[in-house]
A.B. asks: 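My structure is below; once you've seen it, I'll send some questions.
Below, chains carry the letters A, B, ... as their sequence lines are ordered, and counting in each starts from 1. Computed from a prediction, not measured in an experiment: that's the story for all the values here. Because only heavy atoms are used, hydrogens play no part in the values below, and waters and symmetry mates are left out as well, while side chains stay in.
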Amino acid sequence: MSRRFTRRSTEDILLDAFVYIFLICLIVVTLYPFLNTVAVSFNDGLDSLKGGIYLWPRKFTTFNYRMLLARPQIYQAVKVTLARTVLSTALGVFSTAILAYTISRREFVLRKFISTLYVITLYVNGGLIPTYFVYRYLGLTNSFWVYIWPAILHAFNLIIVRTYIEGLPESLIESARIDGAGEFTIFLRIIMPLIKPVLAVVALFTAVAAWNSWFDVFVYNPMKPELSTLAYELQKVLASAQQMSTSMELAMSRAAAGANEVTPRAIRATMTVIVTVPIACIYPFLQKYFVHGLTLGGVKE
Amino acid sequence: MKKELSVDTATIKKKDTFFAKLWEQRAWVMMSFPFIVYVIIFRYLPIGGWVLAFQNYWPAKSLFDQTWVGLENFRMLFDDPVFFQVLRNTIAISAIKLTLGMFFAILLALILNEVRNLRFKKITQTISYLPYFISWVVAANLVRDLLATDGIINEILMALNIVDKPIMFLGVPKLFWWVIGFSHVWKQIGWDAIVYLAAMTSINPNLYEAAMIDGASRLQRIRHITLPALRPTIVILLILNIGQLMNAGFEQVYLLQNGRVIEYARIFEIFELDFGLKMMRYSFATAAGIFRSVVSIILVFSANYIAKRLDQERLF
């Protein structure tokens with residue numbers, strides 16, 4: 001007994017050391033870029049150019065944030081981003097739930113047809129150009145609605161919710177039906193409250209996708225600055241920074257800073273923080289739901 | 001004769017019951033109908049737009065007045081040397097991402113499974129999910145700062161005397177695939193590990209106990225119990241991901257590439273974007289899109305078939 005204990009403990013210690021060192025490295029590698037960006041965003045723009053900002057600002061200032069949020073296009077982008085996130089999430093959750101309910105009914109004659117129609121979309125899509133022309137034909141280009149309609153139903157979410165509903169006890173629905181409840185009432189009063197956990201997952205996925213997306217702005221609404229989103233504004237900052245070499249960025253920053261402006265690096269950092277913070281604040285609270293939802297998604301039929 | 005007749009009535013009766021049932025289930029039909037229309041308009045009409053590839057499409061004319069060119073666009077596509085570069089980049093980037101991504105996700109899952117302090121495990125996992133939820137726009141900004149000539153990675157390399165002058169990671173063509181591979185790992189590792197951790201929870205604890213009684217060390221238990229238990233999951237995910245081989249991840253590559261590395265960064269979506277929306281060679285770009293889709297479908301079905309042959313769970 002004691003011999004086994006000592007033999008195991010040496011290996012135990014080594015293995016534990018490896019485990020903890022690996023995980024601490026992972027935490028550092030994951031968090032450092034974020035923390036560094038936060039530090040730069042709160043640091044004086046010109047001072048940041050000297051380098052050496054790691055986890056804490058050297059010359060603390062909220063100037064970058066005040067400057068950025070005072071810009072009308074950023075303010076507008078915040079509004080558009082919030083609107084598209086809220087609207088597509090609300091519509092997305094409701095649509096996914098109602099359709100998932102109908103195709104979860106085993107006796108529904110269109111069940112197989114609708115499921116197949118949606119599953120195919122997981123694997124085949126029209127591609128960039130045909131999609132562009134169809135959306136243009138539908139009048140969705142240069143419009144806010146191109147952010148909403150294409151995004152409300154995704155086959156993956158549909159399958160997760162359908163699987164979840166199929167796992168509910170059938171007796172609940174039966175007894176409501178015997179009590180004379182209509183199908184829509186059953187859906188609203190019985191199903192909706194029961195599937196809240198999985199709807200939380202769908203809401204999270206839809207909201208995050210809406211908040212993060214920039215490509216649809218880039219393709220469908222490039223000429224409409226009033227329809228720009230935060231992520232797209234950040235993408236533009238990144239793209240312009242990428243075109244400049246570091247030395248040019250430095251020179252430009254110097255010039256800009258001389259004119260009492262924020263530097264490109266500071267803009268980038270500040271925008272990054274603004275885009276990231278809402279997500280970083282929300283996802284930890286939905287963790288238990290999405291971990292469960294993801295494993296559900298793997299269970300097919 | 002009589003037999004035929006009975007078949008006939010059976011089909012009629014079946015048809016009858018279909019519409020009767022449809023009527024009986026009209027509440028469900030009404031609830032689902034808008035979404036049938038929805039999927040046809042938003043997902044299937046664009047697929048119908050594939051006819052563009054067989055025309056010399058010009059938007060000023062209606063779809064029916066276009067010149068039909070047959071497979072001309074595909075011929076041009078296969079004659080274009082850039083096309084093979086695109087194919088190479090797409091497959092290479094996907095393969096690197098797949099290999100690195102799976103290796104590190106499995107490693108992380110195995111390591112997390114060895115953590116006994118549950119609080120520490122939970123906190124680590126929560127942190128590890130963060131990159132998954134942020135936009136690639138944000139991630140690309142962070143990666144750019146990390147890899148900049150005055151970024152932390154170059155600072156560390158210089159301090160350790162591994163290099164004597166900063167490396168322009170994002171400007172070296174040969175390094176680009178690896179930048180994509182490792183930034184993919186950074187963003188996905190925590191999320192991808194979830195599936196493996198879930199598979200580990202279904203391992204019977206008696207196995208570990210029995211192994212311990214037999215004197216197996218922790219490493220031996222990982223090697224002989226945990227890893228074999230993960231094998232079905234690994235195989236399924238590997239096959240699933242092979243179906244995604246034509247999908248190298250547009251946003252990530254687009255946001256991290258620049259003119260210096262374009263020969264290693266040009267993947268299908270970038271090709272379609274450049275030729276389609278920028279150069280307005282709509283039909284040509286559509287042909288490229290169709291090629292990608294068709295190869296993807298073939299890959300997915302082959303993957304499904306292989307999975308079935310291996311007696312694993314089917315994908316759909």
A.B. asks: Whether the side chain of Q25(B) engages the backbone of E107(A) through a donor-acceptor N/O pair (distance < 3.5 Å, no angle test) should be reported.
C.D. replies: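 Yes; judged by distance alone, with no hydrogens or angles, the pair exists.
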
A.B. asks: Is there side-chain contact between Q235(A) and L255(B), with at least one heavy-atom pair below 4.5 Å?
C.D. replies: yes

A.B. asks: Chain A heavy atoms under 4.5 Å from D145(B): which part of the residue, side chain, backbone, both or neither?
C.D. replies: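 Side chain only.
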
A.B. asks: With rounding to the nearest 0.5 Å, note down the distance linking CD1 in I120(A) to OH in Y44(B).
C.D. replies: 4.0 Å

A.B. asks: Identify which part of F268(B) has an atom lying under 4.5 Å from any heavy atom of chain A, answering side chain, backbone, both or neither.
C.D. replies: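 F268(B) has no heavy atom closer than 4.5 Å to chain A.
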
A.B. asks: L45(B) versus chain A, heavy atoms under 4.5 Å apart: side chain, backbone, both or neither?
C.D. replies: both

A.B. asks: We want to know whether Q244(B) and Y123(A) form a side-chain donor-acceptor pair, criterion being a heavy-atom distance below 3.5 angstrom.
C.D. replies: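 No - no donor-acceptor pair under 3.5 Å links their side chains.
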
A.B. asks: Could you measure the distance from the CD atom of E251(B) to the OG atom of S213(A)? Nearest 0.5 Å is fine.
C.D. replies: 8.0 Å

A.B. asks: Of all of I127(B), N141(B), V143(B), L146(B), which one pairs up most often with chain A through heavy atoms under 4.5 Å apart?
C.D. replies: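 Of the candidates given, the most pairs with chain A belong to N141(B).
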
A.B. asks: Side chain, backbone, both or neither: which part of F285(A) has an atom under 4.5 Å from a heavy atom of chain B?
C.D. replies: neither

A.B. asks: Check whether the ring centres of F215(A) and F250(B) lie less than 6.0 Å apart, and answer yes or no.
C.D. replies: yes

A.B. asks: If the threshold is 4.0 Å, N to carboxylate O, is there a salt bridge linking D150(B) and R265(A)?
C.D. replies: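 Here D150(B) does not pair with R265(A) in a salt bridge, since their nearest N and O are not under 4.0 Å apart.
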
A.B. asks: Taking the side chain from E11(A) and the backbone from S217(B), do they hold a donor-acceptor pair closer than 3.5 Å?
C.D. replies: no

A.B. asks: What distance do L256(B) atom CG and L238(A) atom CG have between them, rounded to the nearest 0.5 Å?
C.D. replies: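 With rounding to 0.5 Å, CG (L256(B)) is 8.0 Å from CG (L238(A)).
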
A.B. asks: Below 4.5 Å from any heavy atom of chain A, which atoms of N117(B) appear? Answer side chain, backbone, both or neither.
C.D. replies: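 Contact with chain A involves both backbone and side-chain atoms of N117(B).
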
A.B. asks: Select one option (side chain, backbone, both, neither) describing which atoms of L273(B) are under 4.5 Å from chain A's heavy atoms.
C.D. replies: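 It is both, since atoms from each part get that close.
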
A.B. asks: Flag the one option from I134(B), I47(B), L130(B), V294(B) with the top tally of heavy-atom pairs under 4.5 Å to chain A.
C.D. replies: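 Max contact count across the listed options: L130(B).
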
A.B. asks: Please look at S293(B) and chain A and tell me whether the side chain, the backbone, both or neither of the residue comes under 4.5 angstrom of a heavy atom of that chain.
C.D. replies: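 For S293(B), the contact with chain A is made by the side chain alone.
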
A.B. asks: Let me confirm one number: the CD1-CZ distance from I129(A) to R281(B), rounded to the nearest 0.5 Å.
C.D. replies: 12.0 Å

A.B. asks: Kindly indicate whether the side chain of V134(A), heavy atoms from C-beta on, has any atom under 4.5 Å from the side chain of F42(B).
C.D. replies: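 No; the side chains remain at least 4.5 Å from each other.
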
A.B. asks: Just so I know, are the side chains of F35(B) and T102(A) near enough to count as touching, which here means a heavy-atom distance under 4.5 Å?
C.D. replies: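 In short, these two side chains do not touch, never coming nearer than 4.5 Å.
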
A.B. asks: With only heavy atoms counted, which part of E24(B) is less than 4.5 Å from chain A, the side chain, the backbone, both or neither?
C.D. replies: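 Contact with chain A is absent: no heavy atom of E24(B) under 4.5 Å.
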
A.B. asks: In terms of heavy-atom proximity below 4.5 Å to chain B, should F187(A) be classed as side chain, backbone, both, or neither?
C.D. replies: side chain

A.B. asks: Verify ring-ring contact (aromatic ring centres under 6.0 Å, His included) between W191(B) and F290(A), making sure each step is shown before the conclusion.
C.D. replies: CA-CA 10 Å; W191(B) 185 259; F290(A) 67 68; 5.2 Å; yes

A.B. asks: Which atoms of I297(B) are under 4.5 Å from chain A, going by heavy atoms: the side chain, the backbone, both sets, or neither?
C.D. replies: side chain

A.B. asks: Tell me, side chain or backbone of L117(A) under 4.5 Å from chain B's heavy atoms, or both, or neither?
C.D. replies: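 Contact with chain B: backbone and side chain both.
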
A.B. asks: Report the option among G182(A), P130(A), G51(A) that has the most heavy-atom pairs separated by less than 4.5 Å from atoms of chain B.
C.D. replies: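 Most heavy-atom pairs within the cutoff with chain B belong to P130(A).
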
A.B. asks: Is it the backbone or the side chain of I152(A) that comes under 4.5 Å from a heavy atom of chain B, or both, or neither?
C.D. replies: both

A.B. asks: Any idea how Y101(A) and W28(B) line up, ring-wise: parallel (<30°), tilted (30 to 60°), or perpendicular (>60°)?
C.D. replies: perpendicular

A.B. asks: Could you look at W186(B) and say if it's the side chain, the backbone, both or neither that has a heavy atom under 4.5 Å from chain A?
C.D. replies: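 Just the side chain, heavy atoms under 4.5 Å.
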
A.B. asks: In chain order, what residues pass the side-chain contact (heavy atoms from CB on, under 4.5 Å) check against R136(A), with sequence neighbours excluded?
C.D. replies: Y132(A), F133(A), T141(A), P59(B)

A.B. asks: If you draw a 6.0 Å radius around NZ in K236(A), do more than 12 non-hydrogen atoms from other residues or ligands fall strictly inside?
C.D. replies: yes

A.B. asks: For chain B, find which of F34(A), F184(A), Y135(A) contributes the most heavy-atom pairs closer than 4.5 angstrom.
C.D. replies: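 Ranked by heavy-atom pairs under 4.5 Å with chain B, first place is F34(A).
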
A.B. asks: Shorter than 4.5 Å, heavy atoms on both sides: which option in I290(B), L197(B), L142(B), L112(B) has the most such pairs with chain A?
C.D. replies: L142(B)

A.B. asks: CG of L110(A) to OG of S32(B): how many Å apart, nearest 0.5 Å?
C.D. replies: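 The distance works out to 6.0 Å.
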
A.B. asks: Quick check against the 3.5 Å criterion: does W214(A) have a side-chain atom that pairs as donor or acceptor with the backbone of V137(B)?
C.D. replies: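 It does not hold such a pair.
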
A.B. asks: Between T233(B), L219(B), V51(B), L52(B), who has the most heavy-atom pairs with chain A when the cutoff is under 4.5 Å?
C.D. replies: L219(B)

A.B. asks: Under a 4.5 Å heavy-atom cutoff, which of T121(A), L138(A), V208(A) has the most pairs with chain B?
C.D. replies: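 Among T121(A), L138(A), V208(A), the one with the most close pairs to chain B is T121(A).
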
A.B. asks: Pick one of side chain, backbone, both or neither for W211(A), based on which atoms fall under 4.5 Å of a heavy atom in chain B.
C.D. replies: neither

A.B. asks: Given heavy-atom pairs under 4.5 angstrom as the criterion, report whether the side chain, backbone, both or neither of F22(A) touches chain B.
C.D. replies: side chain

